[in-house]
Each structure stands twice: as C-alpha cells, then as structure tokens.
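A quick note: this is a predicted structure, and the numbers were derived from the prediction, not measured. Ligands are counted one by one from 1 in listed order, and the atoms in each one are counted from 1 as well.
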Amino acid sequence: MRVLVTGAAGDVGSRVAASLSESGHEVVRASRRTGVDLVTGAGLDAAVEGADAVVHAASSDRSPRQVEVDGLRRLTGTIRRSGRPVHVVTVSIVGCDRIAFPYYRVKAEAERVLEASGVPGTVVRATQFHSLAAYFAQLLQVRRLAFTIGSMRIQPVDVEWVAQRLAGHAVGPAPEGFHRAQDLAGPTVYDLHDLTRLLAEHAGTPAPRVLRIPPVLPALRDVSQGRVLAGVDALTGGRSFEEWLAQQPTVLPRQRRVPG
Ligand SMILES: NC(=O)c1ccc[n+]([C@@H]2O[C@H](COP(=O)([O-])OP(=O)(O)OC[C@H]3O[C@@H](n4cnc5c(N)ncnc54)[C@H](OP(=O)(O)O)[C@@H]3O)[C@@H](O)[C@H]2O)c1
C-alpha cells in the first residue's frame, strides 16, 4: 500500500514511517522539511495523490490548532476532492475530552473534525509516551525535592509500540465511516514517587524527597483524579517505563524529546 505519513520527521511519525517501510509499504513522508505544510496547504495535493491511507501524526507546540485541527480539515478536504476513499488514521490522547489542558481541547476538536469529515477515519488515543513522563518528572524536580500534584498517576507508553499499532491500522481494513480504535497504554501505572525513584536509580543519584502539593488548577485536578489513565478496555503493551529507561543514556536530556 501507499501510505502518506504527516509529521513523518517527528517522534511518532518517523517510527510509523519506518514500521511501514519495513513491512514493504510505500511511504510518502510529509512535513515542512519535505515541502508539505498543513498550515498553508503547500504540497498537500501531490502528497495525497495515489495514497491508500494516511497516518496524521503532524503536531506543533507553537500552533497546535493550525496544524492538528485546521491542518486535518485541509487534509480531509483534499482527500474528499480527490474522490477516493482514503483512510485517515490520527493519533490522539487518552482522556483528551475530560481534561482541561488547552492542548487536550485541541486534540478533542481534531477528533470531531475527523468524525465530521466524511472520509473513513480512525482515531487512536494513546497515553503519554515514556519520554514525556520522564520530562514531566524532571520538570517537577528541583534539586533533591520532587513535587507531586495531589494523587497524580500516569500510565506511560512506548512510542515504538504505539507507532506499530498506528501503522497496523493504516494498512488494515478501513472503516465505513468514523471509528474510535481501542485506546493504547503502557502496562504499568506509576505515581510521581515511582518515576522520580526510577529516574534517580537510572542516573545513580539518591532518590529525591517527594512533596505533595494540592491540585489547584482544574486541569491538575483532572490529572490528580486519574483522568489521564487508560480504562479497562484499553490495549496495553510495549516496553514498560523501566525497560525503556534501561535503554536510555545515563543523563537524560532535560527536554521533551529524548531518544525513544
Ligand atoms: N508525546 C506524547 O506523549 C504523546 C502521547 C499521545 C499522543 N501524542 C500525539 O502524537 C502526535 C505526534 O506527536 P510527536 O511528539 O511525534 O510530534 P513531534 O515529534 O513534535 O513531530 C511533529 C511533526 O509535525 C511536523 N510538522 C510541524 N508543523 C507542521 C506543518 N505546519 N505542516 C506539516 N508538518 C508539520 C514536524 O516536521 P517539520 O518540522 O518538518 O514540519 C514533525 O515531523 C501528536 O498528535 C500528539 O498529540 C503524543
């Protein structure tokens, strides 16, 4: 099959593209660095031409709505005009419709755009990737003191495994209309105490003292109430946080993206 991957230079997209190529599919890698801009529409017609399926994994910290919502609307509009029923698979976030983070609202809006688009669409929600969980845990740590928000827990997942599942949806049977696939989550739920202890062990430093702070903002209350956790119906798999961490450099970069 010929599969267009938006955001193919990104954390998820690059792995989706690699997984599809390894299984013998033809991959069209689309992002600004290959001349495809979802905000302006540049290069989109040519990228969509001849595609059997699309994995939409483009994302932007700076302009998430323009890329993930308006960009998806532009993409599905291009598909409709092509007159071919191209299956669009998007990656979303577990709990995005019940957590008051502005970015999560964007994700929920993107899901509605796909549902209303009229093209065959599959939304796959995943929990936070291990790299993001590590980043948050580092962010909440100041020297030997780690802060935890209420009873915050997280169920991080292996980006590699998520990418393989997304690729599988893209080359699998397309739904008639809109379909919400089974949510994806890692095998284990952690609290911040667990994560900071594991990160300290990995770095060979003493575990920090954990200080619990109340979840004062609505979004933090949502997280504290476990709304980022996957439900019992979710599919769990991939490397655990410990297994992922064991394959990372001793000093994790203090940035959102670390090697997957
Ligand atoms: N990180 C997590 O924990 C997590 C968890 C669940 C779901 N997700 C979802 O996974 C998706 C992908 O996230 P990610 O972390 O892989 O993103 P990422 O690493 O930041 O990659 C973003 C990609 O989008 C491309 N891009 C940015 N602006 C663009 C534009 N205007 N037009 C076309 N392409 C554009 C970038 O390439 P160029 O710079 O070349 O354009 C890049 O390839 C997002 O939808 C996110 O919500 C993430």
If the cut-off is 4.0 Å to any non-hydrogen atom of I93, which atoms of ligand 1 fall inside it? 6 (C), 7 (C), 47 (O)

Heavy atom to atom 5 (C) of ligand 1, shortest distance: which of T127, L166, L132 holds it? T127

State the atoms of ligand 1, each with its element, that fall below the 4.0 Å cut-off from a heavy-atom position in A9. 43 (O)

Is the shortest side-chain heavy-atom distance between R73 and T78 below 4.5 Å? no

Please say which of T90, T76, T6 ends up in a side chain to side chain donor-acceptor pair (under 3.5 Å) with H56. T6

Are any of the side-chain heavy atoms of D158 and F129 separated by less than 4.5 Å? no

Before signing off on this row, confirm whether F129 and ligand 1 have an N or O atom pair separated by under 3.5 Å. yes

Consider every N or O of S60 and every N or O of ligand 1, then say whether any pair is closer than 3.5 Å. no

With heavy atoms of D37 as the reference, note each atom of ligand 1 found under 4.0 Å away. 30 (C), 31 (N), 32 (N)

Where does R125 meet ligand 1, judged by heavy-atom distances below 4.0 Å: at the side chain, the backbone, both, or neither? neither

Distance under 4.0 Å to a non-hydrogen atom of K107: what atoms of ligand 1 satisfy this? 44 (C), 45 (O), 46 (C), 47 (O)

Quick one: does G7 get an N or O within less than 3.5 Å of an N or O on ligand 1? yes

For ligand 1, is T6 a contact, meaning one of its heavy atoms is under 4.0 Å away? no

Consider every N or O of R33 and every N or O of ligand 1, then say whether any pair is closer than 3.5 Å. yes

Do F101 and L140 share a hydrophobic cluster (ILVMFWY, side-chain heavy atoms under 4.5 Å, transitive)? yes

Look only at interatomic distance and state if A126 has a nitrogen or oxygen under 3.5 Å from any nitrogen or oxygen of ligand 1. no

Mark up the atoms of ligand 1 that fall under 4.0 Å of a heavy atom belonging to A58, in ascending order. 24 (O), 34 (N)

Answer yes or no for A110: is there a heavy-atom contact with ligand 1 below 4.0 Å? no

Are more than 12 heavy atoms from other residues, nucleotides or ligands located less than 6.0 Å from atom CD of E242? yes

Would you check the N or O atoms of V12, main chain and side chain alike, for any that come under 3.5 Å of an N or O of ligand 1? yes

Parallel, tilted or perpendicular: rings of H130 and W244 (30°, 60°): tilted

Within reach of ligand 1, part of S92 (heavy-atom separation under 4.0 Å): backbone

Within reach of ligand 1, part of Q66 (heavy-atom separation under 4.0 Å): neither

